[in-house]
Amino acid sequence: MLSKPQIRTITSLQHKKFRREHGLFVVEGAKSVMEFLHADHSVKHIFYTSQAATKLIKIPQNIKSEEVSNDDLKRISSLKTPQGVLALIELPTYPPLTGEMLHDTFHLVLDDIQDPGNLGTIIRTADWFGFHRIICSTGSVDAYNPKVVQASMGSLARTQVYYTDIAKLTRQASVPVFGAMLHGSSIYETDFGHEGLIVLGNEGKGVSDLVLSHIQQPVTIPRIGRAESLNVAISAALFCAELARGGMTMQ
């Protein structure tokens, strides 16, 4: 049976402040937890129900694992329908983002993305197309928000998510800066070259004015129907697909 302090600590990780304080985040579901194990993340503790035990395969002996009741799992889960497995994982640290890291590859740059589902879907899509690094503005939703983690379906385990001042990044970048815009050159006719930043804007406001001033080439996904705009995660998928179609190196 889980203690009240354990329950308080785990549920507090639904909030960014306490994730930072404890240096931990939560991953739910056997498949996603196994993805983090295989990606060599530091998994600190796994809680599982008896029904889910068979889904956990070859957990290293140095990782603390604990069988809990269905009721206890409900108490610590952020899901309406818990998936039987919940893990506490150490927040990763990555080497500082440098200008050299931007060369000879492409990066998605997200300008104040707010919806956790959108960010999680973008991470999952980017992983599908071979991107290993995503750059977010400091105002974007936290990648370790439980809803982002859930929507990424394990892809966060293989994706480095950086948070930085993207206005400064795009101003100082020594690689081309492309922007996903309503007006610009067609994505299907744009020569992306072999490197660059692909900027995607906020769900409601698009690319911020400060970042917009640093975009060197606006690029649009041609509209054929009458929809006012595309969801940012869908736009990201189309840009990833077009870059991949050109056989370009991803990050």
Side-chain angles (χ1 to χ4, degrees), residues 19 24-43 55 57 78-79 83 85-95 97 101-137 140-164 166 169 175 178 180 187 192 194-201 203 219 221 230-251:
R19 288 194 292 274
L24 297 170
F25 69 102
V26 171
V27 176
E28 298 197 53
K31 181 181 180 299
S32 291
V33 169
M34 295 307 294
E35 296 273 14
F36 279 90
L37 279 170
H38 293 152
D40 293 327
H41 280 259
S42 180
V43 179
K55 298 178 182 178
I57 305 168
S78 64
L79 304 177
Q83 297 183 8
V85 179
L86 182 151
L88 305 182
I89 300 178
E90 190 174 295
L91 287 171
T93 56
Y94 302 121
L97 188 66
M101 294 164 68
L102 306 181
H103 286 285
D104 299 316
T105 189
F106 286 88
H107 288 82
L108 298 180
V109 178
L110 308 181
D111 187 2
D112 284 7
I113 299 301
Q114 297 299 299
D115 184 83
N118 280 337
L119 180 55
T121 301
I122 290 171
I123 292 169
R124 184 180 179 187
T125 301
D127 181 35
W128 175 271
F129 285 103
F131 284 75
H132 305 298
R133 192 185 301 125
I134 290 175
I135 303 171
C136 294
S137 66
S140 292
V141 62
D142 182 26
Y144 303 99
N145 176 305
K147 292 180 179 179
V148 177
V149 176
Q150 199 66 27
S152 78
M153 295 293 288
S155 286
L156 183 59
R158 292 177 294 274
T159 307
Q160 297 180 358
V161 183
Y162 281 83
Y163 285 83
T164 191
I166 66 167
L169 175 77
V175 297
F178 302 90
I187 189 175
F192 288 97
H194 67 282
E195 60 185 7
L197 304 178
I198 310 296
V199 180
L200 296 119
E203 291 90 342
V219 180
I221 299 164
L230 275 177
N231 172 274
V232 66
I234 297 296
S235 296
L238 290 169
F239 273 89
C240 287
E242 189 62 21
L243 292 170
R245 190 175 71 88
M248 299 165 189
T249 304
M250 307 297 183
Q251 280 296 342

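Being a predicted model, the structure only gives us computed values, none of them experimental.
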* To do: Would you please test Arg158 and Glu35 for side chain to side chain contact (heavy atoms under 4.5 Å, CB included) and show each step?
  => CA-CA 8 Å; Arg158 292 177 294 274; Glu35 296 273 14; 2.5 Å; yes

* To do: Check the pair Lys147 / Val141 against side chain to side chain contact (heavy atoms under 4.5 Å, CB included), numbers first and verdict last.
  => CA-CA 10 Å; Lys147 292 180 179 179; Val141 62; over 6 Å; no

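Taking SG of Cys136 as the reference point, atom CG of Leu200 lies at 10.5 Å (rounded to 0.5 Å). Remark: Leu24 CG to Arg19 CZ distance equals 11.0 Å, nearest 0.5 Å. Distance CD1/Ile221 to CD/Glu242: 9.5 Å, rounded to 0.5 Å. Note that CD1 of Ile122 is 11.5 Å distant from OG1 of Thr159, once rounded to the nearest 0.5 Å. Considering NE2 of His194 and OG1 of Thr105, their distance stands at 10.0 Å, rounded to 0.5 Å. To the nearest 0.5 Å, the span separating CG on Leu119 from CZ on Arg124 amounts to 14.0 Å.
Side-chain contact check for Val26 versus Val149: every heavy-atom pair is 4.5 Å or farther apart. Contact check for Asn231 versus Thr121: no side-chain heavy atoms found under the 4.5 Å cut-off. At a threshold of 4.5 Å between non-hydrogen side-chain atoms, the residues Asp142 and Phe25 do not count as touching. Annotation: side chain of Phe192 is in contact with side chain of Ile187 (closest heavy-atom distance under 4.5 Å). Contact annotation: the side chain of Leu238 approaches that of Ile234 to within less than 4.5 Å [non-hydrogen atoms, C-beta and beyond]. Looking only at side-chain heavy atoms (C-beta outward), Pro92 and Tyr144 come within less than 4.5 Å of each other.
Closest approach of Ile135 and Ile166 over heavy atoms only: CG2-CG2, 4.2 Å. The two residues Phe239 and Ile198 come nearest to each other via the heavy atoms CD2-CG2, 3.7 Å. Across all non-hydrogen atoms, the minimal contact from Pro146 to Ser78 is CB-OG, 3.7 Å. Across Glu195 and Asp104, no two heavy atoms sit closer than the pair OE1-N, 2.7 Å. When all heavy atoms of Phe131 and Cys240 are compared, the pair lying nearest together is CE1-SG, 3.5 Å. Nearest heavy-atom pair, Ala87 versus Val43, reported as atom, atom and distance to 0.1 Å: CB-CG1, 4.3 Å.
Pairs of residues two or more places apart, or lying in two chains, never qualify as salt bridge (charged side-chain N to carboxylate O under 4.0 Å, His left out) while including a residue from residues 107-121.
With sequence neighbours excluded, the residues that form a salt bridge (Lys or Arg N to Asp or Glu O under 4.0 Å) with Glu90 are Lys44. Under the side chain to side chain donor-acceptor pair (under 3.5 Å) criterion, Gln114 pairs with no residue, sequence neighbours left out.
Judged by distance alone, the side chain of Ser140 and the main-chain N or O of Ile113 form a donor-acceptor pair under 3.5 Å. Using modelled atom types, one side-chain atom of Tyr163 and one backbone atom of Ala143 make a donor-acceptor pair closer than 3.5 Å. With Glu28 contributing its side chain and Gln83 its backbone, the two residues share no donor-acceptor pair below 3.5 Å. In this structure, the side chain of His41 engages the main chain of Ala157 through a donor-acceptor pair within 3.5 Å.
Taking the centre of each ring, Phe106 and Phe129 stay at or above the 6.0 Å mark.
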